[in-house]
Amino acid sequence: MTWWPVFFLFLFLFAGAAIAYVIGATAVLSYITSDRTRYLAIIPQRIFAQLDVFALLAMPLFILTGEIMNRAGITRVLIDFSLSIVGRLKGGLGHVNILTSVFFAGISGSAVADAAALSNTLVPAMKERGYTVAYAGAVTAASSIIGPIIPPSIVLIIYGALMQTSVAALFIAGIAPGLLLAFSLLLVNAWIAHRNDHPGGRHEQAPPFWPAFVKAAPALSLPLIILGGIVFGLTTPTEASAIAAVAAILVGLYYGGLNRHTLKEAFERAAMLTGAIFIILSAVAVLGYLAGLMGWPDFLADIVQSAGLSGLEYLLLINLVFLAAGMIFDIAVALTLLVPILAPVALAQGVDPVHLGIVLCFNLCIGLITPPLGGCLIIVSTVTKIGYWKLARAILPFVIVEAAVLAVLTTVPDIALFLPRIFGLTDG
């Protein structure tokens, strides 16, 4: 096994090149230095094979759905509905922040979109009510990672395409872990609220439940449209994404936040994000083929076998690898780089592919709120003008709890698998 690809990868990363160019250039130079230039002729075929996956058709449409809903003026509606449920509890606005992220997750599926939207709305509101800006930002960033876990999820679609795993099963499997994460964050917020005497209580004013529910119903119908069709076998995830995009336009028109200009922006942004993800997938396809030629998966399997790692032990090992990768790389990049190399060994040891997908995607999402990069930390820090490291310190209790939830999901597969089993989407 040669280490030229690793050398080139870090060389270009430190040079500051865009990640797709880093991976692509690393792959091409590695073919040359390893005397495998003749295999470059097969690159177009490998790229098209990587992208010619039916599940990936859902990704652009779910991205479009999220972009439309982000511009449709629904954030305030979801906040009012959350206030009507938990607004009178101690630390109520913190609970509202977390609960709004749950509702937002079923619409956008994007942690970054959630973090940006709530940083602009709830963080100033929490500051007004007496919360520190650092704590308000920490709650916002910590709860934003619920977005990629509860369906629809672009991250789970990418994993499903890479591992030829049912996206429908992954979507259903993400519900329980996403809700478990939300419940854990609510408990942490409640504990900190009582310890620090945060605002809130029965004397607080909150919107009446039923009017808030009626107003939020059109927005809340989107997750039901997406999951209902998939669960009952009426639609594939790809068909559900198309229906969701049309429904998002109708909901946006209903709330009055959508017009020709915002719709054009949504389409442009969706096209840009889709292109960025696809170019990364293309570059990784080239590098992945080289990894196969060099025998990386077999090399890793031999190491694991010689170390005596199996089942849960190996899962814990790759969790550490993915936690480190999530702190540095974008989720899509980390998935496409590491999953084809590390996941097959786990599957060969009997790990369920759906359970593995939930664990790895959850793992990488934690990287969005941990230094040295932390995409959601950067977004919240930029929008709210909170110092990055001050925010990183404030979010530490939430990171610890999320790591504990990850450990539970890793060791108890049934949390992720019981719903797919009920609906006949996975074995067992």
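When each of Ile63, Thr65, Ile226 is tested with Pro152 by the rule side-chain contact (heavy atoms from CB on, under 4.5 Å), just one qualifies, namely Ile226. The only option from Leu186, Ile98, Val96 that meets the side-chain contact (heavy atoms from CB on, under 4.5 Å) definition with Val86 turns out to be Val96.
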Can you give each donor-acceptor pair under 3.5 Å made by side-chain atoms of residues 268-277, sequence neighbours left out, with the distance rounded to 0.1 Å?
from	atom 1	to	atom 2	distance (Å)
Glu268	OE2	Lys264	NZ	2.6
Thr274	OG1	Ala270	O	2.7

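Here the OG1-CG distance, from Thr165 to Leu156, works out to 10.5 Å after rounding to the nearest 0.5 Å. Once rounded to the nearest 0.5 Å, the distance linking CG of Asp52 with CD1 of Ile47 reads 13.0 Å. Here the straight-line distance linking atom OG1 of Thr336 with atom CD1 of Ile341 works out to 10.0 Å at 0.5 Å rounding. Here Gln45 contributes atom CD and Tyr289 contributes atom OH; the two are 8.0 Å apart, rounded to the nearest 0.5 Å. With rounding to the nearest 0.5 angstrom, the CD1 atom of Ile400 is 11.5 Å from the CD1 atom of Ile395. Separation of atoms CD (Glu402) and CG (Leu409) is listed at 11.5 Å; rounding is to 0.5 Å.
Although no hydrogens or angles enter the test, the distance criterion places no donor-acceptor pair under 3.5 Å between the side chain of Ser153 and the main chain of Ile149. Of the possible polar contacts, one joining the Asn363 side chain to the Asn319 backbone as a donor-acceptor pair under 3.5 Å is found. No donor-acceptor pair under 3.5 Å is formed between the side chain of Asn196 and the backbone N or O of His198.
Ring-plane geometry between Phe209 and Phe213 is classed as parallel, the angle between the planes falling under 30 degrees on a 0 to 90 degree scale with a further cut at 60.
Applying the side chain to side chain donor-acceptor pair (under 3.5 Å) rule to pairs touching residues 119-140 yields Asn97-Thr140, Arg129-Glu204, Tyr135-Asn189, sequence neighbours excluded. Applying the side chain to side chain donor-acceptor pair (under 3.5 Å) definition to pairs two or more places apart or across chains, none involves residues 371-396.
A 4.5 Å side-chain heavy-atom check between Phe104 and Thr75 finds at least one atom pair inside the cut-off. In this structure, the side chains of Leu377 and Pro371 come closer than 4.5 Å at one or more pairs of heavy atoms. Considering only heavy atoms from C-beta on, Tyr159 stays 4.5 Å or farther from Val155 through its side chain. Between Thr100 and Phe81 the shortest side-chain heavy-atom distance does not fall below 4.5 Å. Side-chain contact between Val359 and Phe362: absent, with no pair of heavy atoms (C-beta onward) separated by less than 4.5 Å. Contact of the Val123 side chain with the Val139 side chain is not registered, since no non-hydrogen atoms from C-beta on lie closer than 4.5 Å. When side chains are defined from C-beta on, Lys90 counts as touching Asp197, because their heavy atoms get closer than 4.5 Å. Taking 4.5 Å as the limit, every side-chain heavy atom of Ile74 sits out of range of all side-chain heavy atoms of Phe103.
Counting all heavy atoms, side chain and backbone alike, Lys215 lies closest to Val77 at O-CG1, 3.7 Å. Cys376 and Val112 get closest at one heavy-atom pair: SG-N, 4.2 Å. Of all heavy-atom pairs between Gly178 and Ile150, the closest is CA-CG1, 3.7 Å. When every heavy atom of Ser144 is checked against every heavy atom of Ser101, the shortest pair comes out as N-OG, 4.2 Å. Taking all atoms of both residues into account, the shortest heavy-atom contact from Pro177 to Ile415 is CD-O, 4.2 Å. Of all non-hydrogen atoms in Leu342 and Tyr314, the two that sit nearest each other are O-OH, 2.8 Å.
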Verdict with supporting geometry, Ile331 and Cys365, side-chain contact (heavy atoms from CB on, under 4.5 Å): CA-CA 7 Å; Ile331 290 181; Cys365 287; 3.9 Å; yes
Step by step, would you call Leu220 with Leu78 a side-chain contact (heavy atoms from CB on, under 4.5 Å)? CA-CA 9 Å; Leu220 297 175; Leu78 293 177; 3.9 Å; yes
Test side-chain contact (heavy atoms from CB on, under 4.5 Å) on Ile158 and Val339; report intermediate values, then the result. CA-CA 10 Å; Ile158 294 174; Val339 163; over 6 Å; no
Verify side-chain contact (heavy atoms from CB on, under 4.5 Å) between Thr236 and Ile230, making sure each step is shown before the conclusion. CA-CA 6 Å; Thr236 65; Ile230 294 172; over 6 Å; no
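Annotation for Ile279: atom CD1 does not count as buried by contact number, only 12 or fewer foreign heavy atoms lying within 6.0 Å. Surrounding CZ of Arg195 are more than 12 heavy atoms belonging to other residues, nucleotides or ligands, all under 6.0 Å away.
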